[in-house]
Amino acid sequence: MDDSLSFESFLEGAKKAAYKAMDDHARGEYDEFALHAGVAIERLAKAVLVKMNPLYIAGGKVHIGPQNKVKIYTISASEALARLQSLGVGKVDSDLKLLIEQRNGTVHAAGGDEAKTHIPTLARAVAAMLEHIGISEPDFWDRWTSAVNVAVDKLSNEIQRDVVLRIKQHRHIFEDRFKGLPDGAMEKFLQEHQPGGVVEIDTIAFTTDNRLSAVVGTTACPACGCRANLTLRPVTVVDTVEDFAASALACPLCGLRLTGGAEIRASGTDMEKALIPTSIAVKQRVGSPNEVTEFFEA
């Protein structure tokens, strides 16, 4: 039989596509996520079918080319999943059908929102098939194992699952930047980009009555540990003293973005250790907004 139709080939192809899907999701490329997730499920389904009986993936069409080279056409992803279900392996529910349809381009998620929520769909489909062929999830998912476990954790609330998943994804993105570099390169980089005592920014917005509308501090990124910007905005004003609450966290190095206090709290960010400036050097500019040149921790 053609090596490309072997159990080992299908399994390896499923792993590669699953890893690409997780990378796509981390970068917010949800159409690509749906594509690679669908490919991963299809290839794993065919790996399971081949292991049971190689004839189970035959699509009933054979092409004989030059020099009597035979090309066998295999069944589609939907057919493979339906065949597995009829054999008692897994279940094709509405979420899985939708993900396969998104992969095939027969439906498109508006703004990518639907595809964004389908990591649990991918994880559950993979888990059912792995169980049947006796392969553990860590053996299949490798470094993505903990991220997948978070995605299907029913005990955590939706915000916690989403934030922890994004942190793990962006940690992998950061680590991938150092592949092929000398040993110790990442550790040295981390040392050089730890939060310091001075917060440097380009600009900051003021309200129309010239009041400060935000304060930018520095804290350790919960994904990569490097210097991340923490934005605080006023929530109350009592006797001209403003209370500020964290509204956004952004890491320029691994790309992690968190919005709102709930996401920042779910990330485990230690607000007590954040460097929040208490004095501001403001440069007045005629005909344009004020520009904050530097924040200094008092």
Side-chain angles (χ1 to χ4, degrees), residues 15-30 32-34 36-37 40 112 115-123 126-127 136-153 155-196 216-231 246-275:
K15 288 182 179 181
K16 290 180 179 179
Y19 303 162
K20 287 180 180 178
M22 296 299 288
D23 283 331
D24 294 333
H25 194 280
R27 295 181 170 88
E29 298 171 356
Y30 301 122
E32 291 296 309
F33 163 75
H36 287 125
K116 178 181 179 180
T117 64
H118 275 310
I119 286 183
T121 305
L122 169 62
V126 167
S136 72
E137 292 185 51
D139 284 342
F140 180 86
W141 285 108
D142 195 27
R143 70 174 187 169
W144 286 108
T145 302
S146 62
V148 170
N149 289 339
V150 167
V152 297
D153 181 6
L155 297 179
S156 299
N157 64 44
E158 185 176 349
I159 291 178
Q160 288 175 321
R161 286 198 304 271
D162 180 57
V163 169
V164 174
L165 175 61
R166 275 189 278 159
I167 287 172
K168 292 179 181 294
Q169 290 174 322
H170 284 276
R171 184 176 299 148
H172 291 327
I173 289 175
F174 178 76
E175 291 171 350
D176 287 345
R177 296 177 60 182
F178 298 89
K179 285 184 177 179
L181 296 181
D183 292 343
M186 186 172 72
E187 290 73 15
K188 182 179 179 181
F189 186 90
L190 286 169
Q191 290 176 355
E192 294 174 350
H193 290 80
Q194 292 296 305
V216 179
T218 300
T219 190
C221 172
C224 68
C226 292
R227 191 163 46 242
N229 294 325
L230 183 67
T231 301
S247 65
L249 184 148
C251 180
L253 297 175
C254 72
L256 179 67
R257 298 286 187 274
L258 301 176
T259 304
E263 288 193 355
I264 294 171
R265 287 191 298 273
S267 74
T269 298
D270 191 343
M271 295 297 296
E272 296 298 324
K273 294 182 179 179
L275 299 173

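Only this structure's heavy atoms are used, side chains among them; waters, hydrogens and symmetry mates stay out.
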Problem set entry | side-chain contact (heavy atoms from CB on, under 4.5 Å) between C221 and F174, intermediate numbers included | CA-CA 11 Å; C221 172; F174 178 76; over 6 Å; no
Exercise. Should L249 and T219 be marked as a side-chain contact (heavy atoms from CB on, under 4.5 Å) after you check the CA-CA gap, both sets of side-chain angles, and the distance that decides it?
Worked result: CA-CA 9 Å; L249 184 148; T219 190; 3.8 Å; yes
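- Between M22 and W141 there is a side-chain heavy-atom pair separated by less than 4.5 Å.
- Residues in residues 174-183 take part in these salt bridge (Lys or Arg N to Asp or Glu O under 4.0 Å) pairs, two or more places apart or across chains: R143-D176, D176-K179.
- In this structure the side chain of F189 reaches within 4.5 angstrom of the side chain of L253, judged on heavy atoms.
- Residues forming a side chain to side chain donor-acceptor pair (under 3.5 Å) with D23 (at least two apart in sequence, or on another chain): none.
- V216 places none of its side-chain heavy atoms less than 4.5 Å from the side chain of L230.
- By the side chain to side chain donor-acceptor pair (under 3.5 Å) test, S267 is found to be paired with T269, residues two or more places apart in sequence or in another chain being considered.
- Taking SG from C251 and NE2 from H193, the interatomic distance works out to 9.5 Å, rounded to the nearest 0.5 Å.
- In this structure a side-chain-to-backbone donor-acceptor pair under 3.5 Å is present from H170 to C254.
- The shortest non-hydrogen separation linking T145 to P138 is OG1-CA, 3.3 Å.
- Here D162 pairs with R166 in a salt bridge; the nearest charged N to carboxylate O distance falls below 4.0 Å.
- In terms of heavy-atom proximity, A223 sits nearest to R171 at O-NE, 3.0 Å.
- Counting only residues at least two apart or on different chains, no salt bridge (Lys or Arg N to Asp or Glu O under 4.0 Å) pair has a member in residues 252-261.
- Side-chain contact between L258 and V163 is present, with heavy atoms from C-beta onward closer than 4.5 Å.
- Between A123 and V148, the shortest heavy-atom distance links the atoms CB-CG1, 3.4 Å.
- With rounding to the nearest 0.5 angstrom, the CE atom of M186 is 6.0 Å from the CG atom of L190.
- With rounding to the nearest 0.5 Å, the separation of NE2 in H172 from CD1 in I167 is 12.0 Å.
- Distance CD/E192 to CZ/R227: 10.0 Å, rounded to 0.5 Å.
- K188 NZ to F178 CZ: the interatomic distance, rounded to the nearest 0.5 Å, is 11.5 Å.
- Defined by atom type and a distance below 3.5 Å, a donor-acceptor pair is missing between the side-chain atoms of N149 and S146.
- Nearest heavy-atom pair, A246 versus I264, reported as atom, atom and distance to 0.1 Å: CB-CD1, 3.8 Å.
- For T121, the side chain to side chain donor-acceptor pair (under 3.5 Å) criterion is met by H118, not counting sequence neighbours.
- At a threshold of 4.5 Å between non-hydrogen side-chain atoms, the residues P222 and L256 count as touching.
- Using a 4.5 Å heavy-atom threshold, the side chains of W144 and Q169 count as touching.
- Inter-residue side-chain proximity for L122 and F33 is flagged as met; some heavy-atom pair is nearer than 4.5 Å.
- Residues that satisfy the side chain to side chain donor-acceptor pair (under 3.5 Å) test with E32, not counting sequence neighbours, are absent from this structure.
- The aromatic rings of Y30 and H25 sit perpendicular to each other, their planes meeting at more than 60°, with 30° as the lower class boundary.
- Residues V152 and P120 share a closest heavy-atom pair of CG1-CA, 3.8 Å.
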